[in-house]
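Presented below is the structure to which this report refers.
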Amino acid sequence: MINEKYFETFPQLETERLILRKQVLADAKNLQAIRSDERVMNFMDSERHTTLQHSEEFISENMKVHKDKKGIFWTLTDRSTNEFIGDFLFRKIDSKNSRAEIGYTLKPEFWGKGLMMEAMIEILRFGFTRLQLHSFEANINPENTSSKGLLLKMGFIKEAYFKENFYYDGKFLDSEIYSLLQKNFKYN
């Protein structure tokens, strides 16, 4: 059973280089910048944030999802500068089956430095040990080799490859599903 106390008080987390905090409306400008950057969004297959209002609405919806106990959305900030560098989310939290889907973004200037892996270790550790989830899934574009590599390093396994199951931007796209069970998480 999921530990619901983390929906009453937001679970801020910290790593050696990062602070993983609650997303707030003041993050809209940074969120809009990252979620409109074509390098970041290349394999996201979701609507770009072309306006500040779009990002504000996105944040408001994430706050509601947290209140409804269906998701948690973290802002990733650099510990030394407090700079917004990305985000990470649990969504579609399924309390009955103790499972959640993950998603994440990172500013391109921070790619290749191990920061997303550092964040993911801490966030998944929280999910398994404190939130008491049993498993996670990630749904990715098969061409996103960077994300695929990260998931595999974290111990995720490929569960499925779906042909043209996702309609976006006027075309049907393939997707891959990766999953990680708590018993296979190597960073406890």
Side-chain angles (χ1 to χ4, degrees), residues 1-15 18-25 27 31 35 43-47 55 57-76 86-106 116-142 144 147-168 172-188:
M1 194 55 129
I2 288 180
N3 185 345
E4 293 189 357
K5 80 177 187 178
Y6 297 104
F7 296 103
E8 296 163 16
T9 304
F10 190 88
Q12 180 167 305
L13 306 172
E14 297 185 17
T15 70
L18 301 169
I19 296 175
L20 316 166
R21 63 165 174 79
K22 181 179 183 177
Q23 187 181 63
V24 295
L25 282 174
D27 292 319
L31 193 67
R35 289 186 174 260
F43 298 114
M44 291 283 288
D45 305 328
S46 63
E47 189 177 354
S55 292
E57 290 168 357
F58 182 79
I59 291 169
S60 294
E61 179 60 29
N62 292 333
M63 291 174 167
K64 182 183 180 315
V65 166
H66 183 257
K67 184 179 177 188
D68 294 342
K69 303 176 183 174
K70 297 292 182 190
I72 302 174
F73 204 104
W74 285 272
T75 292
L76 283 67
D87 55 51
F88 197 105
L89 65 89
F90 291 169
R91 66 181 200 145
K92 299 180 182 176
I93 293 178
D94 177 350
S95 294
K96 180 180 178 193
N97 296 301
S98 299
R99 188 171 176 99
E101 182 177 335
I102 63 168
Y104 39 87
T105 64
L106 191 66
M116 188 53 73
M117 186 166 181
E118 184 176 319
M120 191 178 284
I121 289 169
E122 187 61 28
I123 291 171
L124 295 181
R125 182 182 295 133
F126 161 81
F128 285 133
T129 61
R130 295 195 279 171
L131 196 57
Q132 299 175 350
L133 290 168
H134 176 72
S135 63
F136 287 102
E137 70 181 64
N139 184 335
I140 67 167
N141 181 313
N144 191 343
S147 191
K148 190 182 304 190
L150 174 61
L151 292 170
L152 292 171
K153 279 183 194 173
M154 292 298 301
F156 280 75
I157 60 164
K158 185 167 128 179
E159 285 192 342
Y161 188 103
F162 294 104
K163 299 291 281 176
E164 298 184 7
N165 71 316
F166 187 74
Y167 187 76
Y168 174 72
F172 287 96
L173 305 171
D174 296 355
S175 66
E176 289 182 339
I177 307 296
Y178 288 78
S179 72
L180 177 65
L181 300 176
Q182 190 278 332
K183 66 183 178 184
N184 297 329
F185 184 56
K186 52 188 169 188
Y187 299 98
N188 280 328

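Listed by chain and number, the residues in a salt bridge (Lys or Arg N to Asp or Glu O under 4.0 Å) with K92 are E101 (sequence neighbours excluded). Among residues two or more places apart in sequence or in another chain, the side-chain hydrogen bond (donor to acceptor under 3.5 Å, both in side chains) test is passed with N144 by none. Considering only residues two or more places apart in sequence or on other chains, E118 meets the side-chain hydrogen bond (donor to acceptor under 3.5 Å, both in side chains) condition with T15, R17. Residues satisfying the ring pair (Phe, Tyr, Trp, His ring centres under 6.0 Å) test with F90, not counting sequence neighbours, are W74, F136.
Here the CG-OG1 distance, from L76 to T105, works out to 8.0 Å after rounding to the nearest 0.5 Å. Here the CG atom belonging to N184 is positioned 8.5 Å from the CZ atom belonging to F128, to the nearest 0.5 angstrom. The structure places CG of L124 at 11.0 Å from OG of S135, a figure rounded to the nearest 0.5 Å. Atom CD in Q12 sits 11.0 Å away from atom NZ in K22 (nearest 0.5 Å). Separating the CG atom in L131 from the CD1 atom in I123 is a distance of 12.0 Å, to the nearest 0.5 Å. Summarising the geometry, atom CE belonging to M1 is positioned 10.5 Å from atom CD belonging to Q132; distances are rounded to the nearest 0.5 Å.
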Per-pair distances, 0.1 Å, donor-acceptor, side chain in residues 61-69, under 3.5 Å, sequence neighbours excluded:
residue, atom, partner, partner atom, Å
N62, ND2, Q23, OE1, 3.2
N62, ND2, F58, O, 3.2
K64, NZ, D68, OD2, 2.7
H66, NE2, Y6, O, 3.1
K69, NZ, E4, OE1, 3.0

Give every donor-acceptor pair under 3.5 Å between a side-chain atom in residues 174-181 and any protein atom, sequence neighbours left out.
residue, atom, partner, partner atom, Å
D174, OD1, E164, N, 2.7
D174, OD2, Y161, OH, 2.7
S175, OG, N165, OD1, 2.9
S175, OG, N165, ND2, 3.1
E176, OE1, K148, NZ, 3.4
E176, OE1, Y178, OH, 2.8
E176, OE2, K158, NZ, 3.3
S179, OG, E159, OE2, 2.5

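The minimum heavy-atom distance between S147 and I140, with the atom names listed, is OG-CG2, 3.9 Å. I72 and F7 get closest at one heavy-atom pair: CG1-CE2, 3.9 Å. Scanning both residues, R21 and F10, for their nearest heavy atoms gives C-CE2, 3.6 Å. Closest heavy-atom contact between M44 and Y104: SD-O, 4.2 Å.
The side-chain contact (heavy atoms from CB on, under 4.5 Å) test with T75 is passed by exactly one of D27, L20, I59, L31: D27.
No side-chain heavy atom of L18 sits under 4.5 Å from any side-chain heavy atom of E122.
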Residue pair L150, M117: steps toward the side-chain contact (heavy atoms from CB on, under 4.5 Å) verdict: CA-CA 7 Å; L150 174 61; M117 186 166 181; 3.7 Å; yes

Verdict with supporting geometry, K5 and E8, salt bridge (charged side-chain N to carboxylate O under 4.0 Å, His left out): CA-CA 5 Å; K5 80 177 187 178; E8 296 163 16; over 6 Å; no

Residue pair Y168, N141: steps toward the side-chain contact (heavy atoms from CB on, under 4.5 Å) verdict: CA-CA 11 Å; Y168 174 72; N141 181 313; over 6 Å; no

Check against side-chain contact (heavy atoms from CB on, under 4.5 Å), M154 and F185: CA-CA 7 Å; M154 292 298 301; F185 184 56; 3.9 Å; yes

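Looking at R91, its side chain never comes within 3.5 Å of a backbone N or O of G103 through a donor-acceptor pair.
Counted within 6.0 Å of NZ on K183, heavy atoms from surrounding residues, nucleotides or ligands total 12 or fewer; the atom is thus considered open.
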